[in-house]
Structures are given as C-alpha cells and as structure tokens.
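Shown next, in structure tokens, is the structure this report addresses.
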Amino acid sequence: MFSDILLAVDFDRTLTGPDSKIPARNLEAIRYFMENGGAFTVNTGRTPATLHHHMPNLPYNAPLLMYNGSASYWKGELQDCSLIDLPIWPTLEKIHEMFPDLHIEFQAENVNYLVDAKPEMGELEDKMHWAWKPAQWGQDMGPFLKFALWGEVRNPGIGDMYDASEEEIAYFDAAQAKLEELWGDKLSCFRPAPRIIDVQAKGVSKALAVKNLQEKLGRKILGAKSASRFRKEK
C-alpha cells in the first residue's frame with residue numbers, strides 16, 4: 001500500500017507534543033504505515049545522545065537523519081557524516097570569548113559536552129533525559145558535526161527557548177550574523193527557536209539529507225513534515 005513512500009518527520013513539536021512526548025495515536029499511525037510497506041524516519045536536529053530516551057519506543061525502519069542532516073544513524077552507528085571544517089577548540093574558545101553569556105553545547109555521538117557549563121544548563125539536560133557532561137578544555141570530544149548556542153535557562157526545557165524579548169531576539173540575530181561573518185564558508189546556522197542557534201557544516205540541511213535518503217532507498221514518493229521554525233537556515 002505504501003511501498004513507494006518515504007515519510008520523514010521532525011521530532012520536536014511535530015512527532016511530539018509540547019510536552020516532548022509522542023502521542024499514542026502518532027505511534028499507532030506510524031506502525032500501520034510501516035506494516036503496509038512504508039519507510040519511516042525522523043529528520044531532526046537531535047543526536048543519539050538527545051534521542052536515546054525515546055528510541056526504545058520509537059518505531060522506524062529507515063536510517064534516522066540527525067544533526068540537522070549532518071549524519072544518519074542506523075543500527076547503532078553514524079553514517080554519511082558531514083564535518084565542520086574548523087579546529088574544534090580554537091573555534092569554541094573564540095565563540096566563548098564573544099558570547100560568554102551563552103551556553104555552548106558540543107553535540108557528540110553519545111553525550112553532549114557543555115563548555116563552561118552553568119548549573120541551570122545541566123538541569124535542562126537532565127530534565128530532557130539527555131546524556132551530558134562538562135567539557136574539559138582541549139579534550140577530544142569526537143567528530144565536529146554540530147554545536148548549539150543556548151540562551152539563558154529560566155525554566156528548564158526546550159519550550160523556554162521560544163520565550164524571547166525583542167532585545168533577546170536582536171542579540172541572537174547579531175550572534176548568528178557574527179558566526180556567518182567569521183566562518184560563513186565553513187558552517188551554516190539554523191534557528192530551531194528564538195534563543196537557540198544550531199551550527200553545522202556548510203551546505204548541510206534536513207531537506208538535502210532526506211532527498212539523499214529517498215534516492216538511496218529508491219522510494220518514488222517523499223512525504224516530509226517539519227515544525228515551523230523561527231528563522232530559515234542559511
């Protein structure tokens with residue numbers, strides 16, 4: 001019935017509700033779709049470290065697209081990785097100097113490393129059931145796939161990052177513009193919420209990742225759904 005279709009959906013606020021839980025009716029629909037020949041995946045900015053809590057109950061039968069398209073994840077391994085072509089620690093140190101009030105989250109495969117971690121950011125990671133640890137300056141954290149800049153944590157949870165004043169929005173606009181001015185030939189920025197900046201390799205996108213997967217699987221029809229975002233990726 002659905003053998004020609006690849007269905008890819010975003011995770012946060014698309015597959016899940018505002019409470020970050022997957023409604024039972026969504027799970028039932030996905031299982032029905034797969035049982036009748038459909039290929040289903042999640043196309044997300046999340047990583048194995050931030051999706052692991054949901055994986056035991058998440059039905060899928062195609063490689064998961066993660067890191068905003070920077071890598072796919074299948075049978076416990078990262079595949080098709082697109083790395084940021086910059087030295088990790090000099091880059092993060094420069095960003096920390098420019099924006100010391102922002103939380104830097106280096107997103108490795110199995111853990112998030114928090115650079116100069118503040119307690120409230122750790123509380124957010126704990127509440128979301130994400131694997132994390134404080135980064136030690138200069139340590140090997142793995143491949144440079146993606147990092148994120150987070151604003152002040154006032155109420156731990158992703159939803160808090162949608163609550164922003166005009167001044168905060170202007171600040172994040174300026175921060176994004178500065179990153180693109182310095183390294184626009186090496187990286188691209190994506191705003192999943194007003195007070196979050198996701199950063200990945202230049203040319204990487206969810207749209208390109210899912211089109212590549214469609215071609216790889218040989219599915220004639222692509223269905224894709226994402227939540228509305230604060231800013232379009234550049």
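We number each residue from 1, following the sequence as shown.
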Do any side-chain atoms of residues 209-221 form donor-acceptor pairs under 3.5 angstrom with protein atoms, and if so which ones, sequence neighbours left out?
from   : atom 1 : to     : atom 2 : distance (Å)
Asn212 : ND2    : Leu208 : O      : 3.4
Gln214 : NE2    : Arg219 : O      : 3.1
Gln214 : NE2    : Lys220 : O      : 3.4
Arg219 : NH1    : Ser3   : O      : 2.9
Arg219 : NH1    : Ile5   : O      : 3.2
Arg219 : NH1    : Gly37  : O      : 2.8

Practice task
Determine yes or no for a side-chain-to-main-chain donor-acceptor pair under 3.5 angstrom, with Thr41 supplying the side chain and Pro63 the backbone.
Solution key: yes

Exercise for the section: Step by step, work out the side-chain contact (heavy atoms from CB on, under 4.5 Å) result for Ile84 and Trp183. Expected result: CA-CA 10 Å; Ile84 299 173; Trp183 300 297; over 6 Å; no

Problem - Nearest-0.5 Å distance that lies between atom NE2 in His54 and atom CD1 in Ile22 - result: 6.0 Å

Problem - Basic-acidic side-chain contact under 4.0 Å: Arg195, Asp163 - result: no

Practice task
Identify the two heavy atoms, one from Ile197 and one from Ala175, that lie closest to each other, and give their separation to 0.1 Å.
Solution key: CD1-CB, 4.0 Å

Fill in the blank from the handout: By side chain to side chain contact (heavy atoms under 4.5 Å, CB included), Leu7 pairs with (sequence neighbours left out) Val9, Phe33, Phe40

Practice task
Kindly say whether Leu65 contributes a backbone atom to a donor-acceptor pair with the side chain of Lys206 at under 3.5 angstrom?
Solution key: no

Problem - Distance, nearest 0.5 Å, that separates CG of Asp173 from NZ of Lys178 - result: 15.5 Å

Problem - Atom of Ser165, atom of Glu168 and distance for their closest heavy-atom approach - result: N-OE1, 2.9 Å

Practice task
Using a 4.5 Å cut-off on heavy atoms from C-beta on, say whether the side chain of Val115 contacts that of Phe147.
Solution key: no

Problem - side-chain contact (heavy atoms from CB on, under 4.5 Å) assessment of Asp10 paired with Asn43 - result: CA-CA 5 Å; Asp10 201 352; Asn43 192 5; over 6 Å; no

Exercise for the section: Could you list all the ring-ring contact (aromatic ring centres under 6.0 Å, His included) pairs where at least one residue sits in residues 93-115, not counting sequence neighbours? Expected result: His96-Trp137, Phe106-Phe144

Handout entry: Leu114 and Glu105, any side-chain heavy atoms less than 4.5 Å apart
Key = yes

Exercise for the section: First locate atom OG1 of Thr47, then atom CD of Gln107, and finally report the distance between them rounded to the nearest 0.5 Å. Expected result: 5.5 Å

Completion exercise
Test side chain to side chain contact (heavy atoms under 4.5 Å, CB included), reference Lys146, set Leu187, Val204, Asp198, output is Asp198

Exercise for the section: For Tyr67 and Tyr73, run side-chain contact (heavy atoms from CB on, under 4.5 Å): C-alpha distance rounded to whole Å, both residues' side-chain angles, the deciding distance at 0.1 Å, then the answer. Expected result: CA-CA 10 Å; Tyr67 300 90; Tyr73 188 76; over 6 Å; no

Exercise for the section: From the options Trp150, Tyr162, Phe190, Phe172, select the one residue that forms a side chain to side chain contact (heavy atoms under 4.5 Å, CB included) with Ile196. Expected result: Trp150

Practice task
List in chain and number order the residues that pass side chain to side chain contact (heavy atoms under 4.5 Å, CB included) with Asn36, two or more places apart in sequence or in another chain; answer none if no residue qualifies.
Solution key: Met1, Phe2, Tyr32

Problem - Distance in Å, Leu149 CG paired with Leu102 CG, rounded so as to fall on 0.5 Å steps - result: 5.5 Å

Handout entry: Single-linkage hydrophobic cluster, 4.5 Å side-chain cutoff, Tyr171 and Leu182 together
Key = yes

Exercise for the section: With side-chain contact (heavy atoms from CB on, under 4.5 Å) as the test, would you mind laying out the steps for Ile30 and Leu15 before giving the verdict? Expected result: CA-CA 10 Å; Ile30 294 167; Leu15 185 58; 3.5 Å; yes

Exercise for the section: With sequence neighbours excluded, give me every side-chain hydrogen bond (donor to acceptor under 3.5 Å, both in side chains) pair touching residues 77-90. Expected result: Ser72-Asp80, Asp85-Lys186

Problem - Short N-O contact, Arg25 and Glu28, less than 4.0 angstrom - result: no

Exercise for the section: Write down the atom of Gly159, the atom of Arg13, and the distance for their closest heavy-atom approach. Expected result: CA-NH2, 3.5 Å

Practice task
Could you tell me whether a side-chain N or O of Thr14 sits under 3.5 Å from a main-chain N or O of Phe11, the two making a donor and an acceptor?
Solution key: no

Contacts under 3.5 angstrom, residues 124-135 side chains, donor-acceptor by atom type, not counting sequence neighbours:
from   : atom 1 : to     : atom 2 : distance (Å)
Glu125 : OE1    : Asn112 : ND2    : 3.1
Asp126 : OD1    : Trp132 : NE1    : 2.8
Lys127 : NZ     : Pro156 : O      : 3.0
Trp130 : NE1    : Thr50  : O      : 3.3
Trp130 : NE1    : Met128 : O      : 3.4

Handout entry: Taking every non-hydrogen atom, the tightest pair across Ser188 and Ala201
Key = OG-O, 3.1 Å

Fill in the blank from the handout: Correct closest heavy-atom pair for Gly142 and Asp140 would be N-OD1, 3.0 Å

Handout entry: Reported CD-to-CE distance for the pair Gln200 and Met66, which is rounded to 0.5 angstrom
Key = 15.0 Å

Fill in the blank from the handout: One should read off an interatomic distance between Leu58 CG and Leu64 CG, to the nearest 0.5 angstrom, of 6.5 Å

Completion exercise
Correct closest heavy-atom pair for Leu179 and Val199 would be CD1-CG2, 4.1 Å

Practice task
Please say whether more than 12 non-hydrogen atoms of neighbouring residues, nucleotides or ligands are located less than 6.0 Å from NZ in Lys118.
Solution key: yes

